[in-house]
Amino acid sequence: MEQIYRKYNLKREEYDINLMQKILKDFLDAEGIAYMDLSDEFSAEGQKGSLYKLRDTHWNEAGNILAAEIIFKCLVKKIKLNNE
């Protein structure tokens, strides 16, 4: 993102890179559609190290492991709730 901002002389504060995520979440909530949002944990863990392949939007091994852990925790919660 930083390279794009510099290359096209854009101001970071003028762009909300999470806008599409917000729109999608609002829609899913309004429609009562269940989803798992990985973005907060990916943002936090991404500060510590790379979660994506170099020059790619696909997760690297660390990203895949993090996604699996988040999904596993969410599924365990749902199973526990259904069994209570």
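These figures come from a predicted structure and were not determined experimentally.
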Name all pairs fulfilling the ring-ring contact (aromatic ring centres under 6.0 Å, His included) condition that reach into residues 9-35, sequence neighbours left out, sorted by first residue then second.
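Passing the test, one end in residues 9-35: no pairs.
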Those residues that, when tested against [X], pass side chain to side chain contact (heavy atoms under 4.5 Å, CB included) (two or more places apart):
X	result
Ser39	Gln21, Asp37
Phe42	Leu38, Leu51, Tyr52, Trp59, Leu66, Ala67, Ile70
Ile23	Leu19, Met20
Asp56	Lys53, His58

What closest approach, in Å, do Ala62 and Ser50 show between heavy atoms, and which atom pair accounts for it?
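In this case the closest contact between Ala62 and Ser50 is CB-O, 4.0 Å.
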Side-chain atoms of residues 4-14: list all donor-acceptor pairs with protein atoms under 3.5 Å, sequence neighbours left out, distances to 0.1 Å.
residue	atom	partner	partner atom	Å
Arg12	NE	Glu2	OE2	3.1
Arg12	NH2	Glu2	OE2	2.3

Partners meeting salt bridge (charged side-chain N to carboxylate O under 4.0 Å, His left out) with Lys48 (sequence neighbours left out):
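Salt bridge (charged side-chain N to carboxylate O under 4.0 Å, His left out) list for Lys48, sorted by chain: Glu45.
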Taking only residues two or more places apart in sequence or in another chain, which ones pass salt bridge (charged side-chain N to carboxylate O under 4.0 Å, His left out) with Lys73?
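Scan of Lys73 (salt bridge (charged side-chain N to carboxylate O under 4.0 Å, His left out), adjacent residues dropped) gives Glu41.
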Cluster companions of [X] among Ile, Leu, Val, Met, Phe, Trp, Tyr (side-chain spacing under 4.5 Å):
X	answer
Ile65	none
Ile79	none
Phe72	Val76

Which pairs pass salt bridge (Lys or Arg N to Asp or Glu O under 4.0 Å) with one or both residues in residues 26-35, sequence neighbours excluded?
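Every pair satisfying salt bridge (Lys or Arg N to Asp or Glu O under 4.0 Å) with a residue in residues 26-35: there are none.
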